[in-house]
Amino acid sequence: MCKPFIRNHQYNVIRKQADQLKKALNTVSDRKVLESVRDTVQSKLHEAFPEATELQIATLEKLAAIPSADEIPSCVDSLEPYRTAFGEVTEAQLKKLFPKNKKLKVPALASIDYRDVTYLGWTDIATNKLYIVYHLDGRLVGIEGRYTPTNKKGVCFLCHRHEEIALFTAIAKSKPAHASPDYYKAIGNYVCVNSEACNKNITDVTVLEKFIQAVIG
């Protein structure tokens, strides 16, 4: 049996591809079209797991070979033991990441299922701030920024889904050489108002990691 290796965003890819295959099996009768869908599913799974071992790939490829739509839910459920968790964090860890915020309000950590977390995000309505915590290059990092609701739906830059969004603007910590004392660089983009929903949608962490790296320098 494989050790757990499926991160949350990768599990979202699996669920998405499972839905695509289920839809095809329920509506398509042409064998060639079905084979094309299966090939696409398999390709997407390979793309989502570029560092997977042969055993891990074999475990994932069972999904593409499912003969009937009725068997897909149980196949997806069978992958549950292979899911990895974000890793529980404590209030003390969060306060250490944001030392300037003496009255930092943290989320209800005990109620979080960390298997469903790609990044830990929460808002402080009183200060109009959004906080994001993520494991980057083996270490826990945090960024914060101004949170401005738009009161409308749009495309989130992290999960690429059409959800209710807010403008998230953070100040980059690094400065160019010989920059003036009052220099600052703001980096912003539109993100899901509901971080929990975003975590259920996100299928790639490339943009998230680039954004965090741009902020922390």
Side-chain angles (χ1 to χ4, degrees), residues 4 6-12 83-151 154-161 163-217:
I6 302 173
R7 296 170 64 187
N8 176 64
H9 71 281
Q10 294 170 319
Y11 189 68
N12 291 339
R83 297 180 64 188
T84 63
F86 178 85
E88 291 188 21
V89 294
T90 64
E91 182 174 341
Q93 284 178 302
L94 295 181
K95 288 185 175 180
K96 187 176 181 180
L97 289 176
F98 305 102
K100 293 182 179 180
N101 295 276
K102 303 303 181 182
K103 297 182 179 180
L104 180 69
K105 293 182 179 180
V106 302
L109 301 175
S111 65
I112 296 173
D113 185 343
Y114 287 92
R115 295 181 309 166
D116 297 330
V117 174
T118 292
Y119 70 90
L120 184 61
W122 73 97
T123 56
D124 184 345
I125 303 299
T127 59
N128 289 322
K129 280 191 174 183
L130 169 64
Y131 298 88
I132 290 179
V133 172
Y134 181 73
H135 290 283
L136 183 67
D137 298 329
R139 65 191 181 103
L140 194 66
V141 298
I143 61 173
E144 62 181 286
R146 181 171 294 279
Y147 170 85
T148 309
T150 63
N151 299 313
V155 178
C156 169
F157 86 112
L158 294 179
C159 70
H160 307 295
R161 294 291 293 273
E163 299 281 356
E164 187 177 351
I165 56 172
L167 178 61
F168 175 48
T169 308
I171 305 302
K173 294 182 179 179
S174 61
K175 294 183 178 181
H178 310 298
S180 62
D182 58 349
Y183 171 90
Y184 76 95
K185 179 181 179 182
I187 304 173
N189 220 318
Y190 292 98
V191 66
C192 287
V193 167
N194 188 331
S195 295
E196 184 178 344
C198 192
N199 272 288
K200 290 181 178 179
N201 291 330
I202 191 169
T203 57
D204 192 307
V205 295
T206 304
V207 173
L208 171 62
E209 292 184 352
K210 285 183 177 179
F211 186 86
I212 293 176
Q213 191 64 63
V215 174
I216 66 177

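Throughout, residue positions are numbered sequentially from 1 according to the sequence presented.
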What's the separation between atom CG in L130 and atom CG in L167, rounded to the nearest 0.5 Å? 10.5 Å
Can a donor-acceptor pair be found, under 3.5 Å and without considering hydrogens, that links the side chain of Q93 to the backbone of T90? yes
Examine the side chains of N101 and E144 and answer whether a donor and an acceptor come within less than 3.5 Å of each other. yes
Can Y147 and V193 be said to form a side chain to side chain contact (heavy atoms under 4.5 Å, CB included), step by step? CA-CA 9 Å; Y147 170 85; V193 167; 3.1 Å; yes
If you take all heavy atoms of P149 and A166, which pair is closest and at what distance? CA-CB, 3.7 Å
Would you say that N189 contacts F168 through its side chain, given a criterion of any heavy-atom pair below 4.5 Å between the two side chains? no
Let me confirm one number: the CZ-NZ distance from F98 to K129, rounded to the nearest 0.5 Å. 9.5 Å
Using the rule given for side chain to side chain contact (heavy atoms under 4.5 Å, CB included), can you reason through Y134 versus V205, listing the C-alpha separation, both sets of side-chain angles and the distance that settles it, and then say yes or no? CA-CA 10 Å; Y134 181 73; V205 295; 3.6 Å; yes
So, does H160 use its side chain to make a donor-acceptor pair with the main chain of V155 at under 3.5 Å? no
Working to the nearest 0.5 Å, report the span between CD1 of I216 and CG of L136. 5.5 Å
Would you mind reporting whether L120 and L109 have side-chain heavy atoms less than 4.5 Å apart? yes
Do N201 and E163 have side-chain atoms, one donor and one acceptor, less than 3.5 Å apart? yes
Under 4.0 Å between a side-chain nitrogen and a carboxylate oxygen: does that hold for R83 and D116? yes
When you measure from the side chain of W122 to the backbone N and O of S195, does any donor-acceptor pair fall under 3.5 Å? no
Which is it for N12 and I202 under the side chain to side chain contact (heavy atoms under 4.5 Å, CB included) test, yes or no, and what are the steps along the way? CA-CA 7 Å; N12 291 339; I202 191 169; 4.0 Å; yes
Are the side chains of V207 and E209 in contact, using a 4.5 Å heavy-atom criterion? no
Shortest non-hydrogen contact from L140 to H135? CD1-CE1, 3.4 Å
Which heavy atom of L104 sits nearest to which heavy atom of L94, and what is that distance? CD2-O, 3.7 Å
What distance do T206 atom OG1 and L158 atom CG have between them, rounded to the nearest 0.5 Å? 11.5 Å
If you define the side chain from C-beta out and look only at heavy atoms, does anything of I171 sit under 4.5 Å from K185? no
Minimum heavy-atom separation for D113 and V117, please, with both atom names. O-CG2, 3.7 Å
Rounded to the nearest 0.5 Å, what separates atom CD1 in I165 from atom CG in N151? 10.5 Å
Under a 3.5 Å threshold, yes or no: a donor from one side chain and an acceptor from the other, between N8 and T118? yes
Taking the side chain as everything from C-beta on, heavy atoms only, tell me whether T169 gets closer than 4.5 Å to T148. no
Rounded to the nearest 0.5 Å, how far does CG of L208 lie from CZ of F157? 7.0 Å
Below 4.5 Å, heavy atoms only, C-beta onward: do V133 and Y119 meet side chain to side chain? no
Determine whether V89 and Y114 make a side-chain contact, defined as any pair of heavy atoms from C-beta on separated by less than 4.5 Å. yes
Do the non-hydrogen side-chain atoms of D137 and Q213 ever get within less than 4.5 Å of each other? yes
Quick check on R161: does its CZ atom have over 12 non-hydrogen neighbours (other residues, nucleotides or ligands) under 6.0 Å away? no
Heavy-atom neighbours of Y190 OH exceed 12 at 6.0 Å: no
Can you give me the closest heavy-atom contact between I6 and Y11, atom names plus distance? CG2-N, 3.6 Å
Take T123 and I125 through the side chain to side chain contact (heavy atoms under 4.5 Å, CB included) test and state the conclusion after the steps. CA-CA 6 Å; T123 56; I125 303 299; 3.9 Å; yes
Minimum heavy-atom separation for C198 to C156, with atom names? SG-SG, 3.8 Å
